[in-house]
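Notes follow the structure.
To find a chain, count down the sequence lines: A is the first, B the second, and so on, and within it residues start at 1. Computed from a predicted structure; not experimentally measured.
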Amino acid sequence: MARVDERRWLRWMSPLLGVLLLLLTVRVPADDVIGPLSAVGSDTLAGPMLRWGERLAERHPGVRLQLQASGSASAPAALTAGTARLGAMSRPMNDHEREAFIARHGYSPVELKVARDALVVIVHRHNPLESLGRRELDAIFSESRRCGADQGIERWSQLGGMLPADRIVLHGRNVASGTHDLFRRRALCGGGFRVRLNEHPGSAAVAAAVAAEPSSIGFVGLNHLTAGVRALQLHDAQGRVVSPTPRAVRRGDYPLWRYLYLYVNLPPGSALTGPEHAFLELVLSPQGQAVVEELGFVTLTEERLMQQRDWLASLPMAE
Amino acid sequence: MIDSRPPPSLHLRRRRLRDRLATLLITAGGIGVLVSVLAIGVFLALEVIPLFLGADAIDTDALWRPQPVEGAAEPRHRWRPESLGEASPAHYGMLPLAWGTLKAALWALLFAVPLALGAAVHSALYMPRRLRARLKPTLELMEAMPGVVVGFIAGLLLAPWVELHLTATLLLVVTLPLGVVLAVGVRGLLPSPLGRRLPLGWAGVWLMPWLLMVGAITLWLAPWLEAALVGGDLRGWLAATLGLDYAARNAMIVGVAMGFAVIPGIYALAEDALNGVPDSLAEGAQALGATRWQTLWRVVLPAASPGILSAVMIGAGRAVGETMIVLMASGNTALMTLSPLEGLRSLSATIAIELPEAAVGGTHYRLLFLAALVLFLFTFLVNTLAEVMRTRLRRRYQRREGGA
Amino acid sequence: MRGSWRRYGEGPWPWLAAGSVALSLLMLLALLLLLATRGLGHFWPAEVAVVTPHAGSPFAGIAVREEASPGDTRRERLYFTANRDLEGGRWRWIELGEIARIDYPAELVMMERSRWGDLVGRLVALEGEGESHVGEAAWPALQARLKALERLRDERNRLRDEVVMPLVRRLEAVDSDEARAALVAANGRIRELQAAMGGATLIVESADGRRVEQPLEEVLRAWRPNAMTLSDRVVAWGEGVWRFLSEGPRAANSAGGVWPAIFGTMLMVLLMSLVVTPFGVLAAIYLNEVAHQGVLTRIVRIGVRNLAGVPSIVFGVFGLGLFVHGIGGSLDEWFFSERLPSPTFGTGGLLWSSLTLALLTLPVVIVATEEGLTRVPDHQREGALALGATRMEMLTRVVLPMTLPAMLTGMILAVARAAGEVAPLMLVGVAKLASRVPVDGDFPYLHLERKFMHLGYHVYDTAFHGDDVQAAMPLAFATALLLVLVILMLNLTAIFLRHHLRLRHEVPSRV
C-alpha cells in the first residue's frame with residue numbers, strides 16, 4: 001500500500017520538479033559553439049581525447065570531435081602540414097619537429113600540458129622480480145647501453161639467482177609512438193632498442209602480450225595496467241625504490257613520469273575557434289581532469305591548471 | 001537500281017555506326033582499365049626513383065649491406081628508421097625485412113602445402129562427387145576469412161595458448177598423422193559391416209571427430225611426456241640442446257595462421273591441376289594393375305606437377321603479401337634467424353605501421369614505397385611464372401585429349 | 001570403383017591425405033565456433049558470484065577463465081570484478097585453493113555506467129527528489145527511474161541529431177540570426193533535459209561492505225543477473241545484440257555498438273562496386289569479345305589475373321601515393337585552396353578508399369565475367385550474327401543477358417573481398433572514430449572526402465589500441481563475428497549463383 005502511495009506522489013511531483021529545474025536552467029547563459037574539431041596524435045591520449053569529446057558533445061551538442069590516433073609522431077607532422085589544429089602527444093615536441101613547424105608557419109605551436117602519466121615497466125603477474133635499477137633497465141632493453149652498464153642482460157638469471165634461465169622477451173611500441181620515443185630517451189639514455197624488441201602497434205597489445213608470456217617484460221603507460229601484469233618498482237636518482245603509483249607520480253618521485261601534451265596551431269594574437277576554446281576549457285576544468293583520473297592517469301597540479309586556465313582566459317575572444 | 005533498296009539502309013547505317021562507336025568505347029574503356037591496372041608498378045617505380053637519383057640520393061649499399069651499429073662490435077643489418085642523435089643515424093637496412101617476409105612465407109608454406117596438397121589429392125582421386133561438390137565451396141569460405149580476424153585470433157588467442165601448451169603443440173605434429181594411421185588400423189579390426197560404413201572416400205568427414213579425440217589425448221598426455229622426455233622443461237631443453245629461444249610471437253604462429261589463409265588457394269589450383277590430367281592416363285595405369293595411389297604417384301602427379309608447382313607459387317605470393325596476420329601475430333622483430341620459435345618482421349607489416357607516420361616525400365617514405373615495389377615485383381613475377389606454367393599445361397592436355 | 005574402396009594395398013598415404021582434409025575442415029570449424037561462442041556469449045547476462053577467500057574480504061565478480069599458473073600445477077581463475085572507482089582495477093586473479101566459498105545472491109545488481117565502467121553490488125537505497133526507497137522497494141523504483149531516464153536520453157539524442165546538427169551545418173555554410181536563435185533554443189532544451197536527468201542518487205553496497213553514492217544519471221542500465229530466469233536472459237541477450245548493432249561506440253570504442261562501422265563498411269563497399277562493376281565488365285568484354293585473340297591479349301589476361309595476386313598493401317601504397325597525395329593534393333589546390341593548409345581531398349577518405357579497393361577487386365570482376373563470357377556457346381553468337389544483328393546487338397541482346405549471373409557473382413565476390421580488407425584502408429582513409437557519418441542531410445548529402453569507420457579496422461583497433469584488451473576482447477570478437485558473417489553470406493550467395501549458372505548452361509563437368 002505504501003509503495004503505491006509513493007508512486008502517486010512521484011507522478012504528482014515530477015512536473016513540478018521539471019518546472020523548477022527549467023527555471024533554474026534558463027539562467028545558464030546560452031551559447032552557440034558549433035563546428036568541427038579535428039585532432040591527430042598519440043595512441044596513449046586517444047582514451048582521454050575521445051572521452052573529452054563525448055563530454056564536450058554533452059555540453060555543446062553542436063561540436064563533434066574527429067580523432068586519428070596512430071602515434072605521437074603523427075601530431076607534429078599533421079600540425080605542420082595543417083591537417084589538424086590540435087595535436088595530442090605523449091612526449092614533448094622535439095627540436096627537429098618544432099623547427100619544421102616554425103619553418104612552415106613562422107611561429108611556435110602552443111603547448112598545453114593536459115595530464116600526467118608514467119611509463120611503467122611491466123612483467124607477468126607471476127614474475128618474482130620486484131624492482132630494477134636504471135642501468136639494469138638499459139642493459140635489458142638497449143643494445144647501446146648508454147646508461148653505463150658493462151654488459152647486456154639477456155636472461156632472467158642475470159638479474160638474480162632465483163629467476164629462471166629463460167631469455168627475456170622484450171615488448172614495446174612501434175617507432176612512431178611517443179611512449180617508444182620517451183622510453184628510449186629517458187630509460188635508455190637516448191640509446192637504441194635491441195632488435196629483439198617486439199614492436200606492437202598499440203599499448204594495449206603490449207600489456208596483453210606481457211600478460212600472456214611469463215618470461216616477458218614490457219613498458220606501457222600507467223593507464224594500461226591490467227590484471228595479468230605487475231608493475232615493477234624502479235630506483236630513483238638517490239637509489240630509493242619507488243612504485244609507479246599515482247601518488248609517487250604526483251610527488252614526482254617516480255623517475256619515468258611524464259606530461260601528456262596538447263599542441264595547438266595558434267598564430268600569436270589570434271583567437272581560438274569556438275570549439276577549440278570550449279575543448280581546452282573542458283580539458284582544464286575539474287570535469288576534464290576527472291576524466292584523466294578515471295582513465296588511470298594523474299591529474300595536473302592545481303597551480304599548473306590555474307596557470308593554463310589564465311592563459312586560456314587571456315586569449316582574445318573569437319567573434 | 002541501288003535506289004530501289006528499301007529505306008532500312010539508313011537504319012542499317014545508323015546501326016553500324018552505333019556498333020562501331022560502341023566497339024570503340026569498349027576498346028577505349030577496356031584498354032584504359034588494363035593500362036591503369038598495369039600502371040601500378042610504373043607509378044611505384046616513379047615514386048622510388050628520387051631515392052637513387054638527384055641530390056637526396058641515399059647510399060644504395062646501405063640498403064643491402066650490414067652497417068656499423070652502436071653497441072655492436074661488427075656491422076649488422078638493421079632496420080631502425082629513427083635517428084639516435086648525431087652519433088647514430090637512422091638505419092635503413094632492408095634485408096631483415098625481406099628476410100622476415102620470406103621466412104613468414106616459408107613457414108606458412110611448410111604448414112599449408114602438405115595439408116593443401118593432401119586435401120587436393122584426396123578430393124580429386126578418392127572423394128565421391130557429391131562430397132567433393134560440397135568440400136570445394138567450404139574451402140572457398142575458408143579463403144574468404146578476413147586476414148584481420150585470423151590475425152586477431154592468432155595474435156591474441158593462439159599465441160598465448162601455444163605459449164602455455166608448447167609441448168602439446170609440437171607433439172600434435174607427430175600424433176595427428178599417427179592418429180590417422182591408427183584409425184586405419186582400428187577400422188581394419190572392426191567387423192566388416194561397420195568398417196564398410198567408414199569408406200576412404202568419406203574419411204575426410206569421419207576422421208574429424210577422431211582427430212579431435214587424438215588432439216585431446218595429446219593435450220592430456222603432454223605434461224607427462226614433457227616430464228619423461230625433456231625433464232619437464234621443454235623450453236630449457238630447447239635452449240640448451242638446440243640453441244633455440246622461445247618468443248610467444250613467433251614464425252610458427254604466423255606460419256599456422258597464414259597457412260590457414262593460403263591452404264584454400266593452393267588446394268583449389270592443385271585440385272584443378274589433378275583433375276586436368278586426362279582420365280585416359282590414369283585409366284591406363286589402373287588397367288595395368290596399379291593401385292590408385294601408385295597411379296597417382298607414378299602417373300598423375302608427374303603429369304600435373306607443373307600445375308601443382310604453380311599452385312604452390314601462387315600460395316607463396318599470397319603469403320608474401322599478407323599484411324594483417326603478420327602485423328598482429330608476428331611481434332614485428334626485425335631478426336634474421338630461421339628459427340620457427342622466434343619473431344620476424346615483414347615488408348608488408350612495416351609498410352602498414354610506418355607509412356602513415358612517415359613524412360611525405362622523405363627518405364623513409366620513399367623507402368617504404370620501395371618496399372611496396374619490391375613486394376609488387378616479387379608477387380607479379382611469381383604469379384606470372386605460375387600462370388604461364390598453368391596455361392602451358394592446359395594446352396598440352398588439350399592437345400593430348402584432341403589427339404586421343 | 002566401389003570395390004576398390006575395400007582394397008588395402010594402397011598404404012597409409014591416401015589416409016593421410018584424407019586426414020589433411022579433416023584437419024583443414026576442423027580448423028575452419030574451430031575458428032567459426034570460437035568466433036560464434038566468444039562473440040555471442042558476450043551479450044549473455046552471466047551470473048555474478050560473491051567469492052569469499054580464506055584470507056581477505058569477499059568480492060563480487062563474473063568468472064572469465066581459468067588457467068594453470070606457469071611452472072605450477074595450481075590453477076587460478078580470473079574474475080571480472082567491475083567497480084573500478086572503488087578497487088582501482090576491474091579484474092582479479094585468484095588461486096582456486098584460496099577460495100573458501102562462492103555464493104550467487106539473487107539481490108546483486110549489475111549496472112552499466114557512463115563513467116568508470118560497470119558497478120556491481122547490493123542496492124541499498126534510491127534517494128532523490130525528496131523521497132527515498134530503501135531495501136527491496138529500491139529495485140522497482142530504480143527500474144522505473146531508468147525507464148524515465150532512457151526516454152529523456154532518447155529525446156536528447158533525437159534533438160541533437162534532428163535539430164541541432166542540421167542547424168549547425170546550416171550555420172557552417174551561411175550565418176543567419178534565425179538559425180542561430182533556433183540553435184540557442186535547441187541547446188537550451190537539451191540542457192533542460194540534461195538537468196532533468198540529474199538529481200537522484202543510488203546507494204550501493206559492494207560485496208565487502210563499502211558504500212558508494214552513485215549519481216543515477218550516470219547509470220545506463222541495471223540488471224540483477226542472478227535473479228533472472230532463462231527467458232529474461234534470452235530477452236536481455238537479444239537486447240544486447242540489438243544495441244550492439246544499432247548504437248554507436250562509447251567510452252573510446254571500448255563499449256557500445258558498431259553501427260557507424262557497419263554503415264561505413266557498407267557505404268564504402270557500395271561505392272566500390274559502383275566503380276568496379278562497369279569497368280570490370282567493360283574490360284572483360286574487351287578482352288573476350290572485341291580484342292583480337294593473340295599474344296597481346298594473352299599477356300594482358302595473364303597480367304590481370306596476376307594482379308589478383310598482388311598484395312593488398314601494395315594497392316594501399318599506390319592509393320596513398322596517387323589518389324591521396326597526387327590527385328587529392330591537386331584537387332585541393334584547384335578547388336579547395338581557401339581551406340588549405342587543411343586538406344579536403346588531400347587526406348585519406350571515403351572516395352580514395354573506394355577507388356583503391358575498386359582497383360584491388362577489379363581482377364575478381366574481370367575474371368568472373370570472362371568466365372561467364374567463355375561459357376556462352378559460340379553458336380549463340382553465330383546465330384545472332386547470322387540473323388543480321390550487329391556485334392553490339394549480339395552482345396547486348398544475347399551474350400550479356402546470359403552472362404548476367406556471372407557478372408553478379410563477380411561483383412559479389414569483389415564485395416566480399418573488399419569487406420574483409422583492412423591493410424590498404426589503414427593507409428587511405430579509415431578512422432578510429434569518425435565524428436560524422438559520410439551521409440547526412442547536408443548538401444551534397446554524400447561526403448566523399450570524409451573518413452569513415454570500418455568493421456575490420458574496428459576489430460584491429462579495439463583489440464590493439466584500447467585501454468584494456470581484456471575488457472575489449474569480447475567486443476572485438478563480436479565485431480569479428482559480424483564481419484565474418486557478412487562475408488560468409490556474400491560468398492554463399494556467390495556460390496549459389498555460380499551453381500545456378502552452371503545448371504542453366506549445363507556445362508558438363510568432368511568426372
With only heavy atoms counted, which part of [X] is less than 4.5 Å from chain C, the side chain, the backbone, both or neither?
X: B:M145; result: side chain
X: B:L115; result: both
X: B:Y267; result: neither
X: B:L135; result: side chain
X: B:L117; result: neither
X: B:L207; result: both
X: B:L212; result: both
X: B:W206; result: side chain
X: B:R390; result: side chain

Go through it in stages, so that I can follow the logic: the residues are B:L327 and C:M426, the test is side-chain contact (heavy atoms from CB on, under 4.5 Å), and I'd like the CA-CA distance, side-chain angles, deciding distance and then a yes or no. CA-CA 12 Å; B:L327 175 62; C:M426 287 165 74; 4.2 Å; yes
Minimum heavy-atom separation for [X] to [Y], with atom names?
X: B:A144; Y: C:I487; result: O-CG2, 3.5 Å
X: B:L211; Y: C:G19; result: CD1-O, 3.8 Å
X: C:L29; Y: B:M208; result: CD2-CE, 4.0 Å
X: C:L427; Y: B:A352; result: CD2-O, 4.4 Å
X: B:P137; Y: C:I495; result: CB-CD1, 3.5 Å
X: C:V21; Y: B:A119; result: CG2-CA, 3.4 Å

Measuring from atom [atom1] of [X] to atom [atom2] of [Y], what distance do you get when rounded to the nearest 0.5 angstrom?
X: B:L44; Y: C:L322; atom1: CG; atom2: CG; result: 9.5 Å
X: B:I40; Y: C:L307; atom1: CD1; atom2: CG; result: 5.0 Å
X: B:L157; Y: C:M473; atom1: CG; atom2: CE; result: 4.5 Å

List the steps, then state whether side-chain contact (heavy atoms from CB on, under 4.5 Å) holds for C:V422 with B:T323. CA-CA 9 Å; C:V422 174; B:T323 308; over 6 Å; no
What part of [X] is in contact with chain B, defined as an atom under 4.5 angstrom from a non-hydrogen atom: side chain, backbone, both or neither?
X: C:L481; value: neither
X: C:F464; value: side chain
X: C:R417; value: neither
X: C:A423; value: both
X: C:L34; value: side chain
X: C:L413; value: neither

For the candidates [options], which exhibits the highest count of non-hydrogen atom pairs separated by less than 4.5 Å from chain B?
options: C:A463, C:G316, C:A284; result: C:A463
options: C:A419, C:G326, C:A476, C:P278; result: C:A476
options: C:L31, C:N491, C:I285; result: C:L31
options: C:V281, C:L25, C:T479, C:L32; result: C:L25

From CA spacing to verdict: side-chain contact (heavy atoms from CB on, under 4.5 Å), C:W13, B:L296: CA-CA 11 Å; C:W13 297 109; B:L296 171 82; over 6 Å; no
Does any non-hydrogen side-chain atom of C:L483 lie less than 4.5 Å from one of B:V148?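 The answer is yes; the side chains approach within 4.5 Å.
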Check whether any side-chain heavy atom of C:V317 sits under 4.5 Å from a side-chain heavy atom of B:F376, and report yes or no.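 C:V317 vs B:F376: side chains apart.
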Could you have a look at [options] and say which one has the most heavy-atom pairs with chain C under 4.5 angstrom?
options: B:S348, B:G321, B:G118, B:P177; result: B:G118
options: B:L347, B:V388, B:I351, B:V121; result: B:I351
options: B:E163, B:K136, B:M142, B:E143; result: B:M142
options: B:I153, B:I263, B:V181; result: B:I153
options: B:V205, B:L21, B:L355, B:L375; result: B:L355

Tell me if the aromatic rings of C:F477 and B:F152 count as close, with their centers under 6.0 Å from one another.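 Yes; B:F152 has its ring centre under 6.0 Å from that of C:F477.
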Suppose we screen for side chain to side chain contact (heavy atoms under 4.5 Å, CB included). Which residues come up paired with C:Q470, at least two apart in sequence or across chains?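 Applying side chain to side chain contact (heavy atoms under 4.5 Å, CB included) to C:Q470 gives C:V64, C:R65, C:L78, C:W91, C:D468.
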Count the heavy atoms of every other residue, nucleotide or ligand shown that sit under 6.0 Å from CZ of B:F380, and state whether that count exceeds 12.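 Buried by this count: over 12 neighbours within 6.0 Å.
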